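What you see is a predicted model; the values in this text were computed from it and never measured. The chains referred to below are lettered A, B, ... by the order of the sequence lines, with proteins before strands, and numbering in each begins at 1.
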Amino acid sequence: MPVMNMIEAINNALHLAFERDSEVVAFGEDSGNYGGVFRATKGLQEKFGSDRCFDAPICEQGIAGFAFGLALYGLKPVAEIQFSDYMYPAFDQIVNEIAKSRYRSGGQYPVPMVIRTPYGGGINGGLYHSQSPEAFYTHAPGIKIVVPSDPYEAKGLLLASVKDPNPVLFFEPKKIYRSAKGEVPVDYYEIPLSKARIAREGTHVTLIGWGAIHHINMDAAKLAEKEGISVEVIDLRTLIPYDIETLDASVRKTGRCVIVHEAPRTSGFGAELSATLHERNILQLQAPVQRITGWDTHYPFSFDYEYYPNPKRVLWAIKQTLEF
Amino acid sequence: MPVMNMIEAINNALHLAFERDSEVVAFGEDSGNYGGVFRATKGLQEKFGSDRCFDAPICEQGIAGFAFGLALYGLKPVAEIQFSDYMYPAFDQIVNEIAKSRYRSGGQYPVPMVIRTPYGGGINGGLYHSQSPEAFYTHAPGIKIVVPSDPYEAKGLLLASVKDPNPVLFFEPKKIYRSAKGEVPVDYYEIPLSKARIAREGTHVTLIGWGAIHHINMDAAKLAEKEGISVEVIDLRTLIPYDIETLDASVRKTGRCVIVHEAPRTSGFGAELSATLHERNILQLQAPVQRITGWDTHYPFSFDYEYYPNPKRVLWAIKQTLEF
Amino acid sequence: MAKAPKLPVKQILDENGEFVKGAQVPEIPKEDLISLFKTILKVRVVDSRMFKMQRQGRIAFYMASYGEEATHVGAAYALKPQDWIFPQYREQGAAFVRGLSLQLFVNQLFGNSGDLNRGRQMPMHWGSRALNLVTVSSPLGTQIPQCAGTAYGMKIKKQDAVALTFFGEGTTSEGDFHAGLNFAGVYKAPAIFFCRNNGWAISTPIHRQTASENIAVKAVGYGIEGVRIDGNDLFAVIDSVRTARERALKGDGPTLIEALTYRLSSHSTSDDPSAYRSEDKDDGPWKLREPAIRLRKFLMKENLWSGKEEQDWEKTCEKELLDAIRVAENTPRAELDALFEDMYDDLPWNLKEQKNQLITFLKNEGKR
Amino acid sequence: MAKAPKLPVKQILDENGEFVKGAQVPEIPKEDLISLFKTILKVRVVDSRMFKMQRQGRIAFYMASYGEEATHVGAAYALKPQDWIFPQYREQGAAFVRGLSLQLFVNQLFGNSGDLNRGRQMPMHWGSRALNLVTVSSPLGTQIPQCAGTAYGMKIKKQDAVALTFFGEGTTSEGDFHAGLNFAGVYKAPAIFFCRNNGWAISTPIHRQTASENIAVKAVGYGIEGVRIDGNDLFAVIDSVRTARERALKGDGPTLIEALTYRLSSHSTSDDPSAYRSEDKDDGPWKLREPAIRLRKFLMKENLWSGKEEQDWEKTCEKELLDAIRVAENTPRAELDALFEDMYDDLPWNLKEQKNQLITFLKNEGKR
Ligand SMILES: Cc1ncc(C[n+]2csc(CCOP(=O)(O)OP(=O)(O)O)c2C)c(N)n1
Ligand SMILES: Cc1ncc(C[n+]2csc(CCOP(=O)(O)OP(=O)(O)O)c2C)c(N)n1
Ligand SMILES: [Mg+2]
Ligand SMILES: [Mg+2]
């Protein structure tokens, strides 16, 4: 099996999706001739023509709306928003249109489509190249939200997202676009949505994360192990609709839970998970569910280390939870 | 003291704000000549001229961006978004610009301004005239979020918002625009932001809500009283930054808590409150914090009764909490 | 100096029901002309009845299109069934031309179990997948880039089809208008952007909406065709849409059509125009210019129509409508399932739990 | 047929440093011309040094403006200190003209404690309240309606001031462009919309950005003035902004200026233009047209400048810059307070708690 980094795996997935289904099209700012600023769509235009992979004008609301129209007509758009920090101009099209079309039309007009977008910090990107805005979209029922954590995951989840009959926002952790490497089958495969992955089994505490943070959590689990703490690490993969069964089971087993995300704490997706896990498992919980998150500030260029959750901060929360 | 409904109180507040400070301006779709589709800005143009109260083109992103520019230049814009369902086109200006300007400029460019917008269901408005989108904005630190629950509150909180040196989103519960009536002093007064109001003291359970839901909660408390249950009802008033002291104290006192909001459950603001109250008070809590909310669907025209939280559903949650 | 190009307002049938001298009259079979006129009358019957129904509290909301009927009736007629229509909301005539039954239309107003939307939307949010009539959505302008996307889909799938979207002049201020026309221009998508310039956006007159000389010149900024027509002239409407359709299919790109008309009705049943405009001064002149007058004159002159026929037809419409209303009022509302379904292709765990919670609650309350 | 009006490209100083025959030459004192040319050279010194600094890993990111210097240097010069500037990001010359010191500029690149932004933003996000220079913000186009708002504020406060915003041709596709120009048009706000049409938006050439004949004609859709100028001609830039400023202050409304130029540099230090354009074919002709060549010729012909002076000046700039870099590199980064402050005018409870949490953590880690 070849080793790929995350961008390569995503690019490979797109090539396969294009081959299998001629109705798949990809577009976005700089997506066509250039293959995207991160090169995720590299080679698609060359191979499949500029009808199917093309540049969009700089207009995120247009990109989302245009994708909606393509999806209505039976095509399968995989649109790219160059940075998730720049997806907000498309917020209305996503929240009021894409998320609502199936419902408001009584099921007549579903809009299966994918919006891919790089997200996240840890790259000295400051306020506008570091955001992790997934939580905003978790409050907009009607869309699915997927966040892969490594190349293998990225390929399988992206192919499942393209096949899914619902709109999917696919958040790609750009921090590890090139650094996360792993063996990836060259053939087509899917990883089912809404199934979390227990990446490491453990008994003392459940640690939940997604995307690039999953690696922080794995590192924290290793640090914890040295101190005799057994951490169960869950890669959530799909945020909406998420895999409550796996979470419930793990939390009931360990009785303790820490949730980690990059986004600001207040109303981050950790809040929903924490509230729900408390509601459902309070009798089994031996400590309150803890959140380690970005602070309630914007992403500060010069304080990347202090802002981005790191394994030691996670370990610290794990210990607090255990000592509670 | 005259009796006013909520629209009258808001209109009165705006008139006072315009009189006290010539830099206050108000605008929005149909805000000028017509005085707004709900008539909140009625009489302002006539009295203060069309420089200070004027119609905006139909373009929410423009309204928010234009207000930003006015605020930078030292004016105090009070912009209206006709329905909060239509605020999403302005999401980028609000989340990436208005919320971030002070921070990103090192404090050089704060943008004190108010965006007023009617929100909420219970009015047979269907998907696009019923939304209660406040939670989206609670994940965007840098702005304050205020939701008044009656005419007296609306006037005092709006005047405090206009005076506040930070950007404020002011969500007005249109369901009770005309039905909520009460005595309102004609003179200028402010109600401080970030202070919750204990509207009814109680000992068995804490009930938290805001806006129109506060009345549902008061009704639920009355129903509960008949069954011998003493409910402490808190009107949150300001969602960001909220009054943690009052919440903590109440929850520690009662040991039980129900949070009610109209918005869909997942990642609604109830999630943040629930997570935080669990984290801080788990040892005092005798039952998990419950949430009564809109369902994780869009707002369905024909199921207003089934969707909108009602006093009986709240009572039901209160009892579940007590029986836990 | 960036002067706007002068764009004449094309008129074919004048206010007196005469063809304008020298005008190229589009070919329209006589029976079609009659049928289109009948549709205009039908829209009026429906509009005025439904307005009253709202006043009686029998439906929650309504939006009439009095004075603007030629725009939507004519534009829809000029299209082919495989063409898609993205409405704004004030184009009920297009729905009727497309073949949406009165029953389905009325069911939507009631949001009952016969409503194609399963009772989920406010009145005036009709649509039908079978008829390539995209369901109305309230947020203004969102349909414009969507229409561009569908049109591009038609192009790359090499279909003999175009996509047309309606919108008001007020909606041209939205960012989505800019997005949609620009994308369509760049990709030469076979799209038709049909602007009903009815002078008002609720209380806001067009000169406070934009300083542009008119709406059609906005086409210049997108490198697409722009035309102005008398929107109360059915012939001009049909002609302009046909021409735009041909251009689009030839690969010459999209057209922005500005149809000059006037909203003689209130904005909606929630609106009171007397608070912002004068019935005499503002509306007055337009009452003489509304589309049915001249069409009636024309048809009568041609002996294709008579007062008697009009009375009969209106009665027929009224009766059909009252029947539809009766049926709709007796149709139960949608099942509770409709509250939770169609969020996704299936029901995720949270919705299953919430549905159970609601059912339990309703049972406890004796409501089920 | 909506034909775009023909808009000639105004040029005053041609590629050979000669005045175009019949051109009205704007009055610019000789010492100002020299100083502007020096600023252009200074921008080049800074750009090329900083580009290298990024390659050496000493700063995180940079964006050069090679070939476009006349646009921002000239436009800023044509304004008055009370006028506000809303930059996009590639207008460092405007910052220098306004008086932003090299030290402050470099501090921003380092995000150290001497940075006016308190180290919070990526490099190239300069700004200064004292200089009416609005801090750069990465989201494209957001500054355009903001500029309209500020300009309107100036108008209703009856100030003798205008607001100018810079943006690239790619940014004209954003909805915010539409919003800003439309609002400014309706309110006749004293705004100047200055588009640097440098041909490319990262890898996307202008013809894939819009099908519009050019950018300036987009003014037509907003009922505002639109002009095209040679953006590599400092005289034409100054002339156009002065004219726009006068119009604005007379109450004649905003102007959209399209300055034709070319981005000879890469988009940013993250970009590799060889992947999407040819240095020979695409860039080649523009290398001969860049703004310094003709200005140098002109000044030399007028005996206002010499090769020796240029060498000396570049050395001076280089030295001043190296000094500033040294200082910046030795300036500590901002205090941790800067992470939490300026979210609001004061620190709410959650930020206080979070700050304490972080400090405790860092202390535990021995990092504080
Ligand atoms: C995004 C958005 N903003 C505001 C509204 C509220 N609104 C509904 S109709 C309307 C006026 C639309 O005017 P126009 O486009 O001219 O269409 P007309 O009603 O005249 O047919 C407004 C402001 C909305 N529905 N969506
Ligand atoms: C809203 C938004 N979308 C996308 C980007 C990413 N981006 C940064 S610069 C750029 C190209 C801008 O081109 P142009 O406006 O022509 O300016 P130039 O760089 O040529 O000076 C893009 C797409 C962004 N910063 N903001
Ligand atoms: Mg209109
Ligand atoms: Mg450019």
Side-chain angles (χ1 to χ4, degrees), chain B residues 22-23 25 27 49 51-52 54-75 77 79 89-90 92-93 95-113 141-144 164-167 194 240-245 276, chain D residues 84 86 108 115-121 125 127-130 134-139 141-157 159 161 163 174-176 178-187 189 191 334 338 341-351 353:
Chain B
S22 66
E23 313 235 300
V25 299
F27 66 104
D51 270 5
R52 288 184 62 196
F54 50 95
D55 292 323
I58 303 178
C59 183
E60 293 74 16
Q61 62 196 110
I63 291 172
F66 197 78
F68 181 112
L70 284 165
L72 274 198
Y73 201 63
L75 290 110
D92 187 52
Q93 284 285 351
V95 170
N96 260 346
E97 295 289 320
I98 293 169
K100 295 189 172 73
S101 182
R102 184 193 285 268
Y103 191 79
R104 75 181 176 209
S105 65
Q108 296 182 91
Y109 287 107
V111 279
M113 56 181 279
I143 42 183
K144 296 190 173 183
D164 200 87
N166 303 287
S194 292
I240 299 284
Y242 64 95
D243 179 357
I244 187 67
E245 274 178 44
T276 298
Chain D
W84 281 43
F86 289 75
Q108 199 286 313
D115 169 17
L116 292 175
N117 301 341
R118 305 187 68 186
R120 295 187 183 125
Q121 292 216 72
H125 289 65
S128 159
R129 184 69 192 80
V134 179
T135 304
V136 171
S137 145
S138 320
T142 49
Q143 79 279 15
I144 304 175
Q146 293 169 5
C147 172
T150 292
Y152 180 76
M154 292 164 164
K155 178 177 169 177
I156 63 173
K157 288 178 104 170
Q159 303 294 302
E174 289 284 7
D176 274 353
H178 186 61
L181 273 67
N182 195 45
F183 274 62
V186 169
Y187 303 131
E341 287 173 3
D342 296 327
M343 289 300 300
Y344 297 93
D345 66 314
D346 61 5
L347 221 57
W349 65 269
N350 54 326
L351 287 175
E353 289 191 2

Under 4.5 Å from any heavy atom of chain B - which part of [X]:
{"X": "D/Ala338", "result": "backbone"}
{"X": "D/Ser128", "result": "both"}
{"X": "D/Lys155", "result": "neither"}
{"X": "D/Arg129", "result": "both"}
{"X": "D/Glu353", "result": "side chain"}
{"X": "D/Glu341", "result": "backbone"}

What's the shortest heavy-atom distance between [X] and [Y], and which atoms?
{"X": "B/Gln61", "Y": "D/Gly175", "result": "NE2-C, 3.4 Å"}
{"X": "D/Pro139", "Y": "B/Asn96", "result": "CG-ND2, 3.7 Å"}
{"X": "B/Ala56", "Y": "D/Phe183", "result": "CB-CE2, 4.1 Å"}
{"X": "D/Thr135", "Y": "B/Ser105", "result": "OG1-CB, 3.4 Å"}

To the nearest 0.5 Å, what is the distance between [atom1] ([X]) and [atom2] ([Y])?
{"X": "D/Ile144", "Y": "B/Phe66", "atom1": "CD1", "atom2": "CZ", "answer": "14.5 Å"}
{"X": "D/Gln159", "Y": "B/Tyr73", "atom1": "CD", "atom2": "OH", "answer": "4.0 Å"}
{"X": "D/Leu116", "Y": "B/Tyr109", "atom1": "CG", "atom2": "OH", "answer": "9.5 Å"}

- Based on non-hydrogen pairs under 4.5 Å, which of D/Gly127, D/Ser137, D/Ala179, D/Pro348 is most in contact with chain B?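 Ranked by contacts with chain B, first place is D/Ser137.
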
- Message: Quick check on the interface: out of D/His178, D/Met154, D/Gln108, who has the most heavy-atom pairs with chain B under 4.5 Å?
- Response: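 It is D/Met154.
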
- Task: Sequence neighbours left out, what pairs pass salt bridge (charged side-chain N to carboxylate O under 4.0 Å, His left out) with at least one residue falling in residues 99-110 of chain B?
- Result: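 Those involving residues 99-110 of chain B are B/Glu97-B/Arg104.
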
Contact leader toward chain D among [options], where contacts are heavy-atom pairs under 4.5 Å:
{"options": "B/Pro112, B/Pro165, B/Ser101, B/Pro57", "result": "B/Pro57"}
{"options": "B/Thr276, B/Ile143, B/Val25", "result": "B/Ile143"}
{"options": "B/Pro241, B/Gly107, B/Ala64", "result": "B/Gly107"}

- Which atoms of B/Phe54 come close to chain D, meaning under 4.5 Å heavy atom to heavy atom: side chain ones, backbone ones, both, or neither?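 When you check distances to chain D, only side chain atoms of B/Phe54 fall under 4.5 Å.
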
Can you find a heavy atom in the side chain of [X] that is under 4.5 Å from one in the side chain of [Y]?
{"X": "D/Gln146", "Y": "B/Gln93", "result": "yes"}
{"X": "D/Asn182", "Y": "B/Cys59", "result": "no"}
{"X": "B/Tyr242", "Y": "D/Asn350", "result": "no"}
{"X": "D/Asn117", "Y": "B/Gln108", "result": "yes"}

Taking the side chain from [X] and the backbone from [Y], do they hold a donor-acceptor pair closer than 3.5 Å?
{"X": "B/Asn166", "Y": "D/Asp345", "value": "yes"}
{"X": "D/Tyr187", "Y": "B/Asp51", "value": "no"}
{"X": "B/Tyr103", "Y": "D/Tyr344", "value": "no"}

- Message: The test is side chain to side chain contact (heavy atoms under 4.5 Å, CB included); show your working for D/Trp84 and B/Leu72 and say whether it passes.
- Response: CA-CA 10 Å; D/Trp84 281 43; B/Leu72 274 198; 3.9 Å; yes

- Item | Under the salt bridge (Lys or Arg N to Asp or Glu O under 4.0 Å) test, residues paired with B/Glu245 that sit two or more places apart |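 B/Glu245: no salt bridge (Lys or Arg N to Asp or Glu O under 4.0 Å) contacts found.
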
